[in-house]
Amino acid sequence: MRFQRYLTGVAIAALLAGTAMAQTAPQEPAAAGTLNPAAGQAPPATPPAAPQFQMADGILATVNDSVITGFDLRQRMLLLIAMTQVQPTPENIPAIQQEALNALIDERLQAQELRNYETLVVSDEEVNEELAAMAQEVGVTPDAYLAFLEAGGIRAQTLREQLRTQIGWQQLVGGRFQSRARVSKGAVDAAMRQLSEAASKKQYLIGEIYIEAARVGGQQAAMNGAAQLVQQMVQGAPFQNVAQQFSAAPSAARGGDAGWIVAGAVNPTLQAAMDQLEVGQLSRPIPVEGGVYIIYMRDKRDGASASLVQLKQVMVELPETASDAEVTAATQRLAALQPQLTCDNMLQRATSEQGLLGADLGEADVQNLAPQFQQVGRSAPVGTVSSPVRTPLGLHLLAVCGRRVGGAEAPDPRAVEGQLFRQNLANLGRRYMRDLREDALIEFKQ
């Protein structure tokens, strides 16, 4: 649901530090079950029953000059339960309470910061538009959506106030840091090169939830809590909703969407798990240094259908019958020339020196190159010139002047730039929130 775009995700998994169900993952992680991709796209057939828990209605905490009451906390707990569809139990209610309290503290700090910007006012119309979009995404009217929540004990004003603050916060972060989050052409080019170079490798489209041990009371608490979340998701809790609320990974803001991951680019323990998982399966908890991962395998692919490379060459013609002395002499000549060559001057140097031949080989699929050229075409960095390569025709110096992905998987520069911009903006927003917390006076009432 679009509502998740505005959740702060700063309070991470207090639920996981409490009396979560004990379960130890095997050393070789295997699938815990298969998830329903449509989970969370529509509300349950019946409204959620309001969990029965008691708390005082007085002041529980103060955040600078703002108070958090027992009523505020109960409402946020109900909203957290409804949005994640994680089933509350007598054992985890206290920890859900802590999670909700942390979220309320963040919201109070955001609201206080917004008051410093008099021109930044979120109108009722903006809140209503967002609410209508949320309802539309689950196929109901706004009134039906609010009625569904109210049947579970959640007042409409609770959601409206949260949306107002969080829409304003997004506007503030975007306006304040937009110029700092801009992506340079060099950064886009570097990202495009990395994508192109990785295109021929096996890739995994994954969702991730990362439970940071230091935030939840240690590694065993993280393992226990992750096991509980896995069980809840296998039973129907939507992965995206759970990731949004409980993951400490940067991808939490995107519902745990980690995008396409290239084989070999992650921790070997995670790689082993990804190799075992089939599309649609959810892993058991995967312990790593500092925390625990849960991986949802959304898709797999063997790599791009075509890896295209632009090559230029300088060569010395040598038949297969050439003597060892002739091969040695040609090798020494090209080795001496190689440091002086670039994609820009290679052909000019070839035409200016006797005994050399130069050619622009154009762009070709690596798989269609001569076998002796394929390794250079596949792995040599763009802009480099190879050492001498022997073929039946002679000795060659190959310059890699460009590389890109062919076919439908080819990365789009605008999409890459947009993704990098959003990542930069999210990082700046998290730092902003961290600074507000460090400067705040937060007191808890006994």
Side-chain angles (χ1 to χ4, degrees), residues 1-13 31-42 83-86 133-134 137-138 166 170 173-174 181 183 191 194-195 198-199 201-212 226 229-230 232-234 236-263 265-267 270-271 273-274 277-283 285-286 288 291-301 408-412 414-430:
M1 290 182 291
R2 284 182 50 157
F3 170 76
Q4 294 177 343
R5 288 188 329 173
Y6 296 109
L7 296 177
T8 62
V10 175
I12 303 298
T34 301
L35 299 188
N36 176 11
Q41 298 303 309
M83 289 300 174
T84 63
Q85 298 180 38
V86 168
M134 291 164 55
E137 289 190 2
V138 295
Q166 292 168 341
Q170 293 295 321
V173 170
V183 183
Q194 291 177 352
L195 289 171
K201 299 179 181 179
K202 191 169 185 178
Q203 299 166 32
Y204 312 82
L205 183 63
I206 68 168
E208 64 176 357
I209 295 174
Y210 176 61
I211 310 304
E212 186 178 3
L229 290 182
V230 166
Q232 294 275 0
M233 288 184 285
V234 170
F239 180 91
Q240 291 183 345
N241 300 31
V242 175
Q244 183 83 41
Q245 291 294 329
F246 296 122
S247 177
S251 61
R254 302 185 300 278
D257 180 8
W260 286 100
I261 304 298
V262 178
V266 296
N267 180 300
L270 295 179
Q271 181 68 59
M274 292 192 298
L277 291 173
E278 299 296 333
V279 174
Q281 289 185 331
L282 183 74
S283 76
I286 306 168
V288 297
V292 179
Y293 271 96
I294 302 168
I295 299 296
Y296 172 38
M297 185 58 63
R298 297 165 54 200
D299 200 0
K300 288 184 178 183
R301 65 188 183 195
E409 301 88 355
D412 176 22
R414 290 186 179 181
V416 171
E417 181 180 7
Q419 181 179 3
L420 293 175
F421 175 81
R422 290 189 293 272
Q423 290 175 354
N424 290 345
L425 197 61
N427 289 335
L428 291 166
R430 282 193 291 271

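- Pro285 and Val292 get closest at one heavy-atom pair: CB-CG1, 3.6 Å.
- Closest non-hydrogen pair, Gly429 versus Val173, comes out as CA-CG1, 3.9 Å.
- Scored by the side-chain contact (heavy atoms from CB on, under 4.5 Å) test, Gln281 finds Ala31, Thr34, Leu277, Glu278 as partners (sequence neighbours excluded).
- Residues that satisfy the side-chain contact (heavy atoms from CB on, under 4.5 Å) test with Gln423, not counting sequence neighbours, are Gln419, Leu420.
- Counted by atom type alone, Ser251 and Glu208 present one or more donor-acceptor pairs between their side chains at under 3.5 Å.
- Between Thr84 and Pro238, the shortest heavy-atom distance links the atoms O-CD, 3.5 Å.
- Each salt bridge (charged side-chain N to carboxylate O under 4.0 Å, His left out) pair with one or both residues in residues 416-425, not counting sequence neighbours, would appear here, but there are none.
- Distance check, rounded to the nearest 0.5 Å: CE of Met233 to CG of Asn241 gives 10.5 Å.
- Not one N or O on the side chain of Lys300 forms a donor-acceptor pair closer than 3.5 Å with the backbone of Lys202.
- Every salt bridge (Lys or Arg N to Asp or Glu O under 4.0 Å) that Arg298 has, sequence neighbours left out, goes to Asp257.
- Expressed to the nearest 0.5 Å, how far CG of Leu270 lies from CD1 of Ile206 amounts to 7.5 Å.
- For Tyr293, the ring-ring contact (aromatic ring centres under 6.0 Å, His included) partners two or more places apart in sequence, or in a different chain, are Tyr210.
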* Could you go step by step and tell me if Gln232 and Val242 meet the side chain to side chain contact (heavy atoms under 4.5 Å, CB included) rule? -> CA-CA 9 Å; Gln232 294 275 0; Val242 175; 5.9 Å; no
* To do: Starting from the C-alpha separation in whole Å, work towards a yes-or-no answer on side chain to side chain contact (heavy atoms under 4.5 Å, CB included) for Asp299 and Trp260.
  => CA-CA 9 Å; Asp299 200 0; Trp260 286 100; 4.0 Å; yes
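- Once rounded to the nearest 0.5 Å, the distance linking CD1 of Ile294 with CZ of Phe246 reads 10.5 Å.
- Applying the side-chain contact (heavy atoms from CB on, under 4.5 Å) criterion to Ala426, with sequence neighbours excluded, gives Arg430.
- Across Ile211 and Ala226, no two heavy atoms sit closer than the pair CG1-CB, 4.4 Å.
- Proximity of Tyr296 to Ile209: side-chain heavy atoms (C-beta onward) are nowhere separated by under 4.5 Å.
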